[in-house]
Every structure is written in structure tokens, then in C-alpha cells.
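Just below is one structure, and these are the notes that go with it.
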Amino acid sequence: MLMKKRTRINVLLAEQPIGETVVVKGWVKSFRNNQFISLNDGSCFDSLQIVVDRDDVEEKILKQITPGAALGVKGKLIESRGKGQSVEIDAEDVIVYGPANPETYPLQPKKHSKEFLREIAHLRFRTNTFGAIFRIRHAISYAIHQFFNEQKFYYLHTPIITASDAEGAGEMFRVTTLDLDNTPKTEDGKIDFKKDFFERETHLTVSGQLEAELGALALGQVYTFGPTFRAENSNTSRHLAEFWMVEPEVAFADLEENMDLAEKMLKYIITYTLVNCSQDLQFLNDQLEKEESQKPKNERSAMSLLDRLQFCVDYDFARITYTEAIDILKKSKPNKKKKFNYIIEEWGADLQSEHERYLVEKHFKKPVILYDYPKNIKAFYMKVNEDGKTVRAMDILFPGIGEIIGGSQREENIDILLDRMKEMNIPEEELYWYLDIRKYGSCPHSGYGLGFERMVQFVTGMGNIRDVIPFPRTPGNAAF
RNA sequence: GCCUCAGUAGCUCAGCUGGUUAGAGCGGCGGACUGUUAAUCCGUAGGUCAUAGGUUCGAGCCCUAUCUGAGGCGCCA
């Protein structure tokens, strides 16, 4: 039996062509009463109810309709006789494309823990929660491209394999084709990278920023959106070894314009998902409410997921300097009562995540942009302020996530930049290409990096970053 | 990398102060059921208590090490 021209379930539910004979294909969520199949094809959160008459369908086929099985169904779309759904299909033909052995299929029609599903990440797409998360992840990705396109930015593909070891953004993964059991050596006994594929040491990128700066100082405004790799042994709910980062870079923009762009982008993304992912978000919202209701009252969050998202869109982010933040923290209760693990005593201290969390979740109760940090706790390329002590850096802090964006105005004065590089032991020779844009037609420019998965975490309300990327890469984990 | 907590059936968990044969719900298997909504009902199988040592007359429970997972910290996005 041939079944062509399948209609996606989201289209059927939106258009509801009652009385038409249609073909749908998808995977069984549940089969109730030997009569009602709940079929999901991934096109939307909702499943479609298929009604089979067990006298019309062979026993052999009926036996194969179990959770996870792939089916094709042909039948007439009718108004549902039951409650719970508006339309259903009165099945005429059912094909089983691929059965799913119920003795071994790990997904049951019940709630599973996210930790368990992470162990079977290749199958977790089939669940309600992860279906919703990955549809939303797509929408956020699309919204980012749409935002920058509307703002007249160019999407720049920066390299994934890089030679420079000087970006200072963390430990790097090595890229090599050398035989590790028999590496060629130079005369003084070191590994001879001249014999390697690129005839030099290479690594996976930790940031596309330096390359993006080169693009921005010709194309005006560009953004990158690609995979980024950090070989840090980070074991937290906010870090991945392989993650995606969005890095806009704008010529002639100062730090204020940089902050404006970042805030506008974040609000655009959230608004886009509220409009286009309402059903998936509603489901995640309700799931989180249920989880919250299990917690003791003082640990529950004040706002629901949907309220938090709407709040972010409706109100301006708080903007304060590092210096103002230190004042607030010094006067704060947890600092006076020594509740912080790191007590803030003087200007210049690096802020710990407990401090950032206090500012965002207790003091301002909304996203916070911190700027003008002490220069000695920030990267070499950030523009030094006139006070000589601070740099034009900014971090955007979100509730529950911490730093979601880190950015700065870049130092465009080559003499100051060279001094900074000497101070911080950054080798000049390796970055000659980066310095060249300061030699020829240098200009003020700014940019930032958005942690894409952290954004998806915020929008979906997921506590662990491993649950918002299809195949998480973390220390000790790269199985599939 | 550091600190804390956890690991009992396929999944989620209970298991008292160390004491006889290890418990439930869901799932599986067999059956019933034509308006169900994580369907329901009847019956049934299923365990190297993470692994390796140790203490004890006796260990799921106590101790040590290892592995795995979670939460927190650092690094950062």
C-alpha cells in the first residue's frame, strides 16, 4: 500500500479540513483501549488522535502499535467525539514503518528524569519536554539571524581551526594529524609541528571575536554564530566543552551602543519565542510550576517562566558600573553578616557568582548590565578608560544563569594596546594580523559574545545546560 | 580541579537501631475491554542492593577505595 502526500500534524490542527481524507506519519505516543493512537510527528507539541476499528485492522498490525513505533495512517479527518481534542482521524489504513520492541524501548508513557534521558540523548527527542526544547532552540537560532539581518549586519563565518594561541579565553583543544605514537621531533627534542598538517600548531577556536573585528572594520557590522570549544575541566550546569556563541562586532560603536544592541537583541529573541513558541513554552511553564510546587516555599521562584520572559521584555535592564556594584555589595546584608563565601572588602575584587546572583536576584530583581570593570581582571583587548584603572567592559547577568553576555569596547589605539599586551604577556608576533587593523584605519568599535545555550536555558527554564543542546560535550562525555 | 550529596527491578522510589525469604507504583509479558486522554481492570515474571575490599555471629544499611550521576565553587559564554 502506498501512502504519499503526508500532511504535517501542525498543518492539520491549524487548518482542520474536516471531511477530507489525509495521510499522516509519525511516532506512537500511546495506544489506549486498543482503539486510540496518540500520534506525534514532531511538527508541533500536540499529537493527533487516530481512531482505529480493531475489526478492520489485522491483529498483526494492531500488536505492533506500541509506544515509539513509526506509523503511516490514511483516513478521514473528523470532529472528535471525545473531549480532549477537537479533531481526530478515522483510520482506514495503517502501515507500520518501524516497530519499537516494547521490551527494550526505554521511553514509557510516564515522566522520566532528565538525567535518565540524558543517558539516552539519541532518543530523548521523542519526549514532550525535549521536543519542546529543540523546537524552541531552533526558533531562538532563527530569531537571532532575523534580528541581525533586520539590523543590517552581515553573517561572517570565522574559522573553527585557529593557529593563534593567544586569545586567552581558556584551554584549547589541539588539532593535529600527527601520529601520536610516533611524533616527529625537532633537534632539541620538541614536537616538530612543521611536519603537521598546517605546518604549525593548531587548535579549535575559543572565540571568533578577533576575526570578527577584522570583518567589522570593513563591512561595518558583522556577527558570527558558530561552535566554540573550551577544553576547561568545568563541571557545572552552565558550561559545555562544545557550545555555540553569537558574536556581533560593530565599527564606530562605543560601549553604550554595544549595551543598547545587546539589550535590544535579547528582548527581540524573547519576544520572538513568546509569539512563535507559545504552546511549547506553555508546556514547559506548566511543568516547571509542578516542580516548583514540590519545593519548600522559600525556595520557589517568585515568577513563572512565562512571567519571567514577559518581565524581561517589558522592563529596562539595570545598568550600573562595577564601582557602584561594589558599593551595593559592601552595604548588603549578606556581606555585613558574612554570609558570602567571599566577603567584598575593597574595590578591585573579582565578583563571584554569589555576588552576581545577589545583584540580579535580590537587589535589582531583573537583568543587570555591569560595566567599567577594573582593567586587571579583564582581557587585553578592552578599551582603557580615561581613569587608567577601568576598561570599557560589560557583562549582562540573567537570573538563574549568571553571565549570558560578555562584551566590551575594543582598544583601538595601537600604542595602548601594545602596552596592555606586554603587561599581560600576550605575544605580539602571533597577533600581527589583529594589530594591523589598528595600524590602518583604526576606529572605535565594540562587540560582545552571547552564550547561545545559556539563552536557550533562560527561555526554556532548564536548570542544566546539557538539556538544551542535542548532544552535550562535557569532560568525559562524547559518546554520541 | 575542589567541596557536598546520591547510586536498591527497565523507570521513579520505599526499605526502621545492622537481624529470617528485598517492597510499591509505572513499564514488560498473558488476558479482558469500541469513546480512551500518562486509559482502566484481572493475572504474572522480573534483583550480583554501582564495583572491589573490609568490620561483624550476621551488611542493602557501618568503614575504605574506585566508578557513575546530581548540586555548589573555580574557569567563562
Side-chain angles (χ1 to χ4, degrees), chain A residues 28-38 46-57 62-63 66-68 78 80-85 88 90 101-120 127-128 167-171 206-209 224-225 227-247 262 299 340-342 350-357 377-379 395-398 401-407 448-458 463-469 474-477:
Chain A
V28 176
K29 273 236 137 79
S30 70
F31 186 31
R32 297 181 291 268
N33 210 6
N34 242 346
Q35 191 186 6
F36 302 100
I37 304 166
S38 178
D46 279 333
S47 297
L48 184 64
Q49 175 153 289
I50 314 293
V51 187
V52 295
D53 187 328
R54 69 170 172 245
D55 296 329
D56 292 355
V57 181
L62 226 44
K63 281 271 175 202
T66 60
I78 55 172
S80 179
R81 281 168 57 197
K83 286 171 182 170
Q85 60 280 315
E88 63 195 18
D90 188 10
N101 184 350
E103 284 185 58
T104 52
Y105 188 62
L107 298 173
Q108 307 162 17
K110 64 167 271 191
K111 188 171 162 52
H112 288 97
S113 68
K114 296 198 188 69
E115 291 78 22
F116 169 65
L117 293 171
R118 222 175 280 152
E119 289 168 16
I120 50 161
T127 63
N128 286 335
E167 293 167 32
E171 294 296 311
V206 292
S207 163
Q209 178 202 316
T224 74
F225 187 170
T228 310
F229 307 87
R230 304 267 167 96
E232 302 283 353
N233 192 3
S234 296
N235 294 291
T236 79
S237 55
R238 325 181 284 289
H239 288 86
L240 291 164
E242 177 183 287
F243 64 101
W244 289 66
M245 189 152 62
V246 179
E247 295 176 289
E299 286 177 26
F340 283 141
N341 288 318
Y342 295 85
D350 208 347
L351 299 182
Q352 308 293 316
S353 48
E354 59 183 345
H355 306 130
E356 297 178 347
R357 194 168 293 162
I377 59 172
K378 287 290 179 184
D395 284 354
I396 303 189
L397 311 175
F398 262 36
I401 305 216
E403 186 179 346
I404 199 166
I405 279 179
Y448 60 82
L450 167 75
F452 179 67
E453 280 76 16
R454 290 187 183 172
M455 188 68 205
V456 181
Q457 256 190 295
F458 180 72
N464 194 315
I465 200 165
R466 295 161 198 208
D467 293 329
V468 299
I469 188 166
T474 53
N477 286 298

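Quick note on labels: first sequence line is chain A, next is B, and so on, each numbered from 1.
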- Item | Separation of B:A77 C1' from A:Leu397 CG (nearest whole Å) | 12 Å
- Between protein and nucleotides 37-46 of chain B, map the contacts as a letter string: B base, S sugar-phosphate only, - none, heavy atoms under 4.0 Å, written 5' to 3'. BBB-------
- Message: In whole Å, measure the gap between the C1' atoms of B:G46 and B:G69 for me.
- Response: 25 Å
- Message: Within the structure provided, determine whether A:Phe243 and A:Arg454 are in side-chain contact (heavy-atom separation under 4.5 Å).
- Response: no
- When all nucleic acid strands are considered with a 4.0 Å heavy-atom cut-off, which category describes A:Asn477: base, sugar-phosphate, or nothing? sugar-phosphate
- Query: Whole Å only: how far is the CG atom of A:Asn235 from the C1' atom of B:G1?
  - Reply: 8 Å
- Would you classify A:Phe243 as touching base, sugar-phosphate or nothing, given that sugar-phosphate means primed atoms plus P, OP1 and OP2, and contacts are heavy atoms under 4.0 Å? base
- Query: So what does A:Leu240 touch, heavy atoms closer than 4.0 Å: a base, only the sugar-phosphate, or nothing?
  - Reply: base
- Message: One pair to check against ring-ring contact (aromatic ring centres under 6.0 Å, His included): A:His355 and A:Phe340. What are the steps and the verdict?
- Response: CA-CA 8 Å; A:His355 306 130; A:Phe340 283 141; 4.7 Å; yes
- Rounding to the closest angstrom, what is the interatomic distance between B:G53 and B:G10 at atom P? 23 Å
- Message: Less than 4.0 angstrom between a side-chain N/O of A:Ser353 and OP1 or OP2 of B:C73, yes or no?
- Response: yes
- Query: For A:Glu232 and B:A77, what is the distance between atoms CD and C1' respectively, to the nearest whole Å?
  - Reply: 12 Å
- Message: Among residues at least two apart in sequence or on other chains, which ones pass side chain to side chain donor-acceptor pair (under 3.5 Å) with A:Arg118?
- Response: A:Asp467
Show me the donor-acceptor pairs within less than 3.5 Å that the side chains of residues 102-112 of chain A make with the rest of the protein, sequence neighbours left out.
unit_1	atom_1	unit_2	atom_2	d
A:Thr104	OG1	A:Asn101	O	3.4
A:Tyr105	OH	A:Arg126	NH1	3.2
A:His112	ND1	A:Lys110	O	3.4

- Item | Integer angstrom distance from the C1' of B:G27 to that of B:A52 | 32 Å
- Task: Begin from the C-alpha positions of A:Gln352 and A:Asn341 and carry the test side chain to side chain contact (heavy atoms under 4.5 Å, CB included) through to its verdict.
- Result: CA-CA 9 Å; A:Gln352 308 293 316; A:Asn341 288 318; over 6 Å; no
- Euclidean distance for P, B:U64 against B:U55 (whole angstrom): 15 Å
- Given side chain to side chain contact (heavy atoms under 4.5 Å, CB included), test A:Asn128 with A:Lys29 step by step and report yes or no. CA-CA 10 Å; A:Asn128 286 335; A:Lys29 273 236 137 79; 3.2 Å; yes
- Query: Counting only side-chain N and O atoms of A:Ser234, is one of them less than 4.0 Å from OP1 or OP2 of B:C75?
  - Reply: no
- Message: In this structure, how many angstroms lie between the C1' atom of B:G71 and the CD atom of A:Glu354, rounded?
- Response: 16 Å
- With no hydrogens and no angle check, is any side-chain donor or acceptor of A:Glu403 less than 3.5 Å from a backbone partner on A:Ile396? no
- CA sep, side-chain torsions, deciding dist, call: A:Val51, A:Phe36, side chain to side chain contact (heavy atoms under 4.5 Å, CB included): CA-CA 5 Å; A:Val51 187; A:Phe36 302 100; 4.0 Å; yes
- Check: B:C73 base within 3.5 Å donor-acceptor of A:Arg238 side chain: no
- Query: Out of B:C75, B:A70, B:G35, which has the shortest distance to the side chain of A:Glu88?
  - Reply: B:G35
- How long is the line joining CD of A:Glu356 and P of B:C76, in whole Å? 11 Å
- Item | Rounded distance in Å between the P positions of B:C16 and B:G54 | 25 Å
- Gap in Å between the two C1' atoms, one belonging to B:G60 and one to B:C49, rounded: 5 Å
- Are A:Leu240 and A:Glu453 close enough, and set up right, to give a side chain to side chain contact (heavy atoms under 4.5 Å, CB included), and what steps lead you there? CA-CA 9 Å; A:Leu240 291 164; A:Glu453 280 76 16; 3.9 Å; yes
Which protein N or O atoms sit under 3.5 Å from an N or O of nucleotides 29-32 of chain B?
none

- Pairing stems for RNA chain B [at least three consecutive pairs; Watson-Crick or G-U; under 3.5 angstrom]: B:1-7 with B:67-73, B:10-13 with B:23-26, B:28-32 with B:40-44, B:50-54 with B:62-66
- Can you tell me if A:Asn33 uses its side chain to pair, donor with acceptor, with the backbone of A:Gln35 under 3.5 Å? no
- Query: How far, in whole Å, is B:U56 from B:C75 if one measures between their C1' atoms?
  - Reply: 47 Å
- Report which part of the nucleic acid A:Asp55 touches: base, sugar-phosphate, or nothing (heavy-atom distance under 4.0 Å, all strands). base
- Message: Students often get this wrong, so: under 4.0 angstrom with heavy atoms, is A:Ser113 touching a base, only sugar-phosphate, or nothing?
- Response: sugar-phosphate
- To the nearest angstrom, the CZ-P distance between A:Arg454 and B:C75 comes to 12 Å
- Mind checking whether A:Thr474 and A:Arg466 have side chains closer than 4.5 Å, heavy atoms only? yes
- Query: If every non-hydrogen atom of A:Glu247 is compared with every non-hydrogen atom of A:Gly208, which pair is closest and at what distance?
  - Reply: OE1-N, 2.7 Å
- State, without any angle test, whether A:Ser30 and A:Arg32 hold a side-chain donor-acceptor pair at a distance under 3.5 Å. yes
- Whole-Å C1' distance, B:G71 and B:C26: 27 Å
- Message: In this structure, how many angstroms lie between the P atom of B:A77 and the CD1 atom of A:Ile404, rounded?
- Response: 13 Å
- Closest to the side chain of A:His112, out of B:G74, B:C76, B:C11, is B:C11
- By ring pair (Phe, Tyr, Trp, His ring centres under 6.0 Å), A:Phe225 pairs with (sequence neighbours left out) A:His145, A:Phe452
- Polar side-chain contact A:His239-B:C76 base: donor and acceptor under 3.5 Å: yes
